[in-house]
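Both backbone and side-chain heavy atoms feed into the values below; hydrogens, waters and symmetry mates do not. Here is the naming used below: chain letters follow the sequence lines, and residue numbers restart at 1 for every chain.
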2 protein chains.
Amino acid sequence: MAYRRTDSVAARLADTRRHILNAARELVADGGFAAAQMTEVAKKAGVATGTLYRYFPSKEELCRQVFREVSAREMNVLVTIAQGEGSAAERLESVLRTFASRAIRGRRLAFALLAEPVDLGLAEERARFRRTHGEIFATILEEGITSGEFPSRDVRITAACIAGAIPTALIGPLAPESHELDEKSDKVVDEIMQFCLAGVGLLQPRIKMKTAEPRIRA
Amino acid sequence: MAYRRTDSVAARLADTRRHILNAARELVADGGFAAAQMTEVAKKAGVATGTLYRYFPSKEELCRQVFREVSAREMNVLVTIAQGEGSAAERLESVLRTFASRAIRGRRLAFALLAEPVDLGLAEERARFRRTHGEIFATILEEGITSGEFPSRDVRITAACIAGAIPTALIGPLAPESHELDEKSDKVVDEIMQFCLAGVGLLQPRIKMKTAEPRIRA
DNA sequence: GACAAATATGAATCGGTGTTCATTAAAATT
DNA sequence: AATTTTAATGAACACCGATTCATATTTGTC
């Protein structure tokens, strides 16, 4: 009779796969994707390099997977807020603040996702990531326009502007070394939000300065 | 007696150097920096690969030089406008429109400068490029705030927002293949400007829709 | 024209990483 | 226990473009 994959084996395989992904993510989290070399990933995961290729067809796919997992977490947070309670303006405000302040907290990872020089494959994932951000913003904008909270605009373009403005404004401060943000971060976030909210044409951009920071861990 | 470099030789050397830079720039202009391989540059410039290394210490330096030349041209255009006649609001408007519409015209080159995945060395040049954009915007903003045209803001952060918003909003459309812009470009530019001008808090953002396009070639 | 110095050449080399694969170990079936 | 199938190993390999360097050519002096 032929060989049959036992549950316990399947579990161990899944476990190894997780280990590999976690190892890769940790490397990325403190050295960027540049630090995610196959040898290092293998070492950190406690497997041989060849083993990596039993779980992922190539380095590119492994990295993409890491990118997707990390970015999916961020996007879920934003989507939850975007689809939650409150007026469009309130939700936009909350989404923007969350985006920015989470990026600041998870600096290195955020830098890797948003700004680190990466190769073609990852650049593609990054583009997807940006596009999704844009869609989240665009949805809220549409609702806000419908409800009369915002003036009429091309929501795609406006959303793209927001999706570009936030990371760029954060990048100087986001650079792996800079600790400049540890004190001024609130101010930076407020300033960015003011720009974006005014940009969409929100008429009373009174920013709630004392909103509690999002409590989900990075 | 010792050898002495003749004028005619000096001229020829300078000429070769130019040829190399031009060849590289042309490759970048229609294939991005990825297409600027030393072999290709040499072929296009009509010299041997080894010769390249008599003029530039490394590929990185050659590419940086190309980046600087191309970006300097763009920045000069913007600086000229920024330091020109008119109210801060008018100049900001003009700078933004020029930035965006020039990027659209020189699509491939703009994409290479602003968005193409590049290696560390070029990423550094790109960061410098962005920073300079920011400074140009920031200067105008400061003047506008002083003159009372804009509300008071942190000009560095606001400028960074603008410097990020424009390229990102253009990127989808800027991607090498997309011809989507050939028709809609005016609309896209207007929409981006509306966002940015509103973002800085310009109170009457009546955009001059019929401003002549800048006439300097890309 | 002869000699020396500078310049150009391009095939061969090098370097760094991702990937492979012959071999070994582990797990499942009879 | 023997046999077969799957999983893991890691040293060797492959790749690919940047870089080098021994050689040839051109230019400058006497």
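With sequence neighbours excluded, no residue forms a side-chain hydrogen bond (donor to acceptor under 3.5 Å, both in side chains) with B/Arg5. Looking at residues two or more places apart in sequence or on another chain, you find no side-chain hydrogen bond (donor to acceptor under 3.5 Å, both in side chains) involving A/Arg130. Remark: B/Ser58 pairs with B/Glu60, B/Glu61 by the side-chain contact (heavy atoms from CB on, under 4.5 Å) rule, at least two apart or across chains.
D/dT19 atom P lies 10 Å from atom CD of B/Glu61, rounded to whole Å. A straight line from CG of B/Asp119 to C1' of D/dG17 spans 13 Å, rounded to a whole angstrom. Rounded to whole angstrom, the span from the CG atom of A/Leu52 across to the C1' atom of D/dA7 amounts to 14 Å. Going from atom CZ of B/Arg5 over to atom C1' of C/dA4 covers 16 Å, rounded to whole Å.
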Exercise. Mark up nucleotides 14-25 of chain C, 5' to 3', with B wherever a protein heavy atom is under 4.0 angstrom from a base atom, S wherever such an atom reaches only the sugar-phosphate, and - elsewhere.
Key: ---SSBB-----
Donor-acceptor pairs are to be reported for all side-chain atoms of residues 114-124 of chain B against protein atoms at under 3.5 Å, with residues two or more places apart or in another chain.
residue: B/Glu116; atom: OE1; partner: B/Phe33; partner atom: N; Å: 2.8
residue: B/Glu116; atom: OE2; partner: B/Phe33; partner atom: N; Å: 3.0
residue: B/Glu116; atom: OE2; partner: B/Ala34; partner atom: N; Å: 3.0
residue: B/Asp119; atom: OD1; partner: B/Gly121; partner atom: N; Å: 3.3
residue: B/Asp119; atom: OD1; partner: B/Leu122; partner atom: N; Å: 3.2
residue: B/Glu124; atom: OE1; partner: B/Arg64; partner atom: NH2; Å: 3.3

Check: residues 134-141 of chain A side-chain donor-acceptor pairs under 3.5 Å, at least two apart:
residue: A/Thr139; atom: OG1; partner: A/Glu135; partner atom: O; Å: 2.8

Solution key, residues 14-21 of chain A side-chain donor-acceptor pairs under 3.5 Å, sequence neighbours excluded:
residue: A/Thr16; atom: OG1; partner: A/Arg12; partner atom: O; Å: 3.1
residue: A/Arg17; atom: NH1; partner: A/Tyr55; partner atom: O; Å: 3.3
residue: A/Arg18; atom: NH1; partner: A/Asn22; partner atom: OD1; Å: 2.7
residue: A/Arg18; atom: NH2; partner: A/Glu69; partner atom: OE1; Å: 3.0
residue: A/Arg18; atom: NH2; partner: A/Glu69; partner atom: OE2; Å: 2.6
residue: A/His19; atom: ND1; partner: A/Asp15; partner atom: O; Å: 3.0

Exercise. Just do the salt bridge (Lys or Arg N to Asp or Glu O under 4.0 Å) check on A/Glu85 and A/Arg91 with the steps written out, would you?
Key: CA-CA 8 Å; A/Glu85 304 278 292; A/Arg91 281 175 290 139; over 6 Å; no
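For the OP1/OP2 pair of C/dA6 and a distance below 4.0 Å, the side-chain nitrogens and oxygens of B/Arg54 include no atom meeting the criterion. Close to C/dA8, at under 4.0 Å from its OP1 or OP2, lies a side-chain N or O of B/Arg12.
Closest contact between the side chain of A/Thr16 and the listed nucleotides D/dT27, D/dA8, C/dA27 involves D/dA8.
A/Asp190 CG to B/Asp154 CG: the interatomic distance, rounded to the nearest 0.5 Å, is 11.5 Å.
Among residue pairs with one or both ends in residues 34-50 of chain B, those qualifying as salt bridge (Lys or Arg N to Asp or Glu O under 4.0 Å) are B/Glu26-B/Lys44, B/Glu40-B/Lys43; sequence neighbours excluded.
Among the atoms of the strands shown, only primed sugar atoms or phosphate atoms (P, OP1, OP2) are found under 4.0 Å from some heavy atom of A/Tyr55. Residue contacts shown for A/Leu13 are limited to sugar-phosphate atoms, with no base heavy atom under 4.0 Å away.
For DNA chain D, none of the residues of residues 17-27 of chain A falls under the heavy-atom distance limit of 4.0 Å.
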